[in-house]
Amino acid sequence: MRGKENRRSYQEFNDDEHEDTQSPAFFDNTTADLDHDEPDSRVSQEDDIRDNSPPVRFSKACLKNFFTVVLIFIYLLLTGVAVFLAYQTISDFLERFHHPVMSVTYKEVDSFPPPGIALFPGKAQLLSCRHHYHDNIPPLVDPGKHQEGDCVINDVTYIGPFTNQTERRALVVRGPSDVRNKELIFMQFSLNETEEDFSAISYMLFANFSDFIESANKSDFMRDCESNYSMWTFSGGFRTWVKMSLVRTSGKTNEAVEFRQESAVVKFNDKRPPSEKNNELFFAVFEWRDPFMQDIRLIVTANPWNSVAILCGVFMALFKAANFAKLTIQWIIRMRKRHLRNKARELNQIN
């Protein structure tokens, strides 16, 4: 009896187990368990992929490198501007040094040093030479005849510098000096039996009559004056009024004095008898135009200390730019080495 019960219980156990494994509920439970486990495994795989993917955001090193490149470009641009400024400063200094500007001033004086008036009459004869004041020239008395004069006159003969060893004769007259009282000199010449269609007398002005008087060789002095001063003329049959002005030019090393003149011509009404009109008359008046002496100075506007200061500032900027570029390059190399070391360390950890 006990053996049958045992066999029966074993068979029921097997039947129960067989029914459990073969029943649809068993498969439904198994499928539900598989469906519950599959999403967990998929989520874990996605997390692994997300963890292994590189970050999208900019790193601080890339941002620093970008700004470093921008700063280097800016400093290179500033360096170019500094080099151009240095070149422009040097060029401007040389231009101003070789081309000084003129500073014109007017100095008022009561009297001028008596100038020298050198006249070249040729075949003409000096009839009279007198000093007058306040532009008061009295009427002519016996024109064409010799009259008394009060001028200081020197007769000089010398070899002209431009006439191929031709002898020249000059009458050197002491010019007016009292500009306040309008001192003037009135001279008249006559020329008989001229064969030329046009007749004129040449004259020359030089700065100081005392230089002529004090010169050891008056012929050489007149030759030098003719080489350095300009020549003018006044014509016959007219009264030529010459107003002089003195211009003093101060250069870098020397000083030059020259005359400027304004001349006016007035026709002479010849009232002489026809028999005396064969002698052509010349009249000349010399006086100062105004009491102002024009002083021209050549000034070099280029200031060497200002240029040196600008160049020092430019060179300091260049030095700072070069030093910054050097430090920046060293920093980039150091960052590159650090990046390579970190990358190698990460590769070693992965391996």
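Worth knowing before you read on, the calculation uses all heavy atoms, side chains too, and leaves out hydrogens, waters and symmetry mates.
- Neither Tyr229 nor Ile117 shares a network with the other; the hydrophobic side chains, linked directly or stepwise wherever heavy atoms of I, L, V, M, F, W or Y lie under 4.5 Å apart, form separate groups for each.
- Looking at every heavy atom in both residues, Cys225 comes nearest to Met204 through O-SD, 3.6 Å.
- Here CD1 of Ile137 is found 11.5 Å from CD1 of Ile185. Values are rounded to the nearest 0.5 Å.
- In this structure, Trp241 is not a member of the same hydrophobic cluster as Leu205, with clusters built from ILVMFWY side-chain heavy atoms closer than 4.5 Å.
- Between Asp295 and Tyr106 there is no side-chain heavy-atom pair separated by less than 4.5 Å.
- Interatomic distance, CG of Leu119 versus CZ of Phe282, reported as 12.0 Å (0.5 Å rounding).
- Here the straight-line distance linking atom CZ of Phe212 with atom CZ of Arg174 works out to 13.5 Å at 0.5 Å rounding.
- At least one side-chain heavy atom of Leu127 sits under 4.5 Å from a side-chain heavy atom of Leu281.
- Residues satisfying the side chain to side chain donor-acceptor pair (under 3.5 Å) test with Ser128, not counting sequence neighbours, are Gln188.
- Residues meeting the salt bridge (Lys or Arg N to Asp or Glu O under 4.0 Å) test with Arg260, sequence neighbours left out: none.
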Does the side-chain contact (heavy atoms from CB on, under 4.5 Å) test come out yes or no for Val242 and Thr240, once each step is laid out?
CA-CA 6 Å; Val242 180; Thr240 303; 4.0 Å; yes
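- Put simply, the side chain of Ser263 does not reach to within 4.5 Å of the side chain of Phe234, judged on heavy atoms.
- Within a 6.0 Å radius of NZ in Lys107, no more than 12 heavy atoms belonging to other residues, nucleotides or ligands are found.
- Hydrophobic clustering (ILVMFWY, side-chain heavy atoms < 4.5 Å, transitive): Val172 and Phe286 are in distinct clusters.
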List the steps and the verdict of ring-ring contact (aromatic ring centres under 6.0 Å, His included) for Phe268 and Phe283.
CA-CA 9 Å; Phe268 169 61; Phe283 303 95; 4.8 Å; yes
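- Of the possible polar contacts, none joining the Asp92 side chain to the Gln88 backbone as a donor-acceptor pair under 3.5 Å is found.
- Among residues two or more places apart in sequence or in another chain, the salt bridge (Lys or Arg N to Asp or Glu O under 4.0 Å) test is passed with Glu108 by Arg180.
- Closest of all the heavy-atom pairs between Phe186 and Arg239 is CE1-CD, 4.3 Å.
- Ser219 places a side-chain heavy atom less than 4.5 Å from the side chain of Val156.
- Contact check for Phe209 versus Asn154: side-chain heavy atoms found under the 4.5 Å cut-off.
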Given side-chain contact (heavy atoms from CB on, under 4.5 Å), test Gln261 with Trp232 step by step and report yes or no.
CA-CA 10 Å; Gln261 66 164 1; Trp232 292 282; 2.8 Å; yes
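- In terms of hydrophobic clustering, with Ile, Leu, Val, Met, Phe, Trp and Tyr side chains grouped at heavy-atom distances under 4.5 Å, Tyr158 and Ile213 are assigned to a common cluster.
- The OG atom of Ser235 sits 8.5 Å away from the CD atom of Glu280 when rounded to the nearest 0.5 Å.
- Taking 4.0 Å as the cut-off between side-chain N and carboxylate O, Lys182 and Glu287 do not count as a salt-bridged pair.
- Atoms CG and CD1, from Leu171 and Ile153 in turn, are 6.5 Å apart once rounded to the nearest 0.5 Å.
- Applying the ring pair (Phe, Tyr, Trp, His ring centres under 6.0 Å) definition to pairs two or more places apart or across chains, none involves residues 115-157.
- To the nearest 0.5 Å, atoms CZ (Phe292) and CG (Leu246) are separated by 14.0 Å.
- Side-chain atoms of Gln294 do not come within 3.5 Å of backbone N or O of Val247 as any donor-acceptor pair.
- Listed by chain and residue number, nothing satisfies the side chain to side chain donor-acceptor pair (under 3.5 Å) test with Asp211 (two or more places apart in sequence, or in another chain).
- Val173 and Met222 are members of different hydrophobic clusters when ILVMFWY side chains are connected at heavy-atom separations under 4.5 Å.
- Between Leu184 and Pro176 the shortest side-chain heavy-atom distance does not fall below 4.5 Å.
- A donor-acceptor pair under 3.5 Å links the side-chain atoms of Gln147 to the main chain of Val141, judged by distance alone.
- Residues that satisfy the side chain to side chain donor-acceptor pair (under 3.5 Å) test with Glu258, not counting sequence neighbours, are absent from this structure.
- Every salt bridge (Lys or Arg N to Asp or Glu O under 4.0 Å) that Asp270 has, sequence neighbours left out, goes to Arg272.
- By the side chain to side chain donor-acceptor pair (under 3.5 Å) test, Asn342 is found to be paired with Arg345, residues two or more places apart in sequence or in another chain being considered.
- Residues passing the ring-ring contact (aromatic ring centres under 6.0 Å, His included) test with Phe112 are Trp288, sequence neighbours excluded.
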Could you give me the CA-CA distance, side-chain angles and deciding distance for Ser190 and Gln125, then say whether side chain to side chain donor-acceptor pair (under 3.5 Å) is met?
CA-CA 5 Å; Ser190 67; Gln125 295 180 355; 4.7 Å; no
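- Annotation for Cys129 and Met187: closest pair SG-CG, 3.4 Å, computed over non-hydrogen atoms.
- Between Arg289 and Glu262 there is a side-chain heavy-atom pair separated by less than 4.5 Å.
- At a threshold of 4.5 Å between non-hydrogen side-chain atoms, the residues Glu226 and Asp224 do not count as touching.
- Residues in residues 142-159 take part in these salt bridge (charged side-chain N to carboxylate O under 4.0 Å, His left out) pairs, two or more places apart or across chains: Asp155-Arg169.
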Show your reasoning for whether side-chain contact (heavy atoms from CB on, under 4.5 Å) applies to Leu191 and Asn279.
CA-CA 5 Å; Leu191 179 61; Asn279 294 334; over 6 Å; no
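- Listed here is the closest heavy atom pair of Pro115 and Phe259: CB-CZ, 3.4 Å.
- Residues meeting the salt bridge (Lys or Arg N to Asp or Glu O under 4.0 Å) test with Arg223, sequence neighbours left out: Asp220.
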side-chain contact (heavy atoms from CB on, under 4.5 Å), that's the test. Do Thr233 and Tyr203 meet it? Break it down for me.
CA-CA 6 Å; Thr233 58; Tyr203 67 94; 5.5 Å; no
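- Within the structure, no pair that satisfies the salt bridge (charged side-chain N to carboxylate O under 4.0 Å, His left out) test touches residues 68-82, not counting sequence neighbours.
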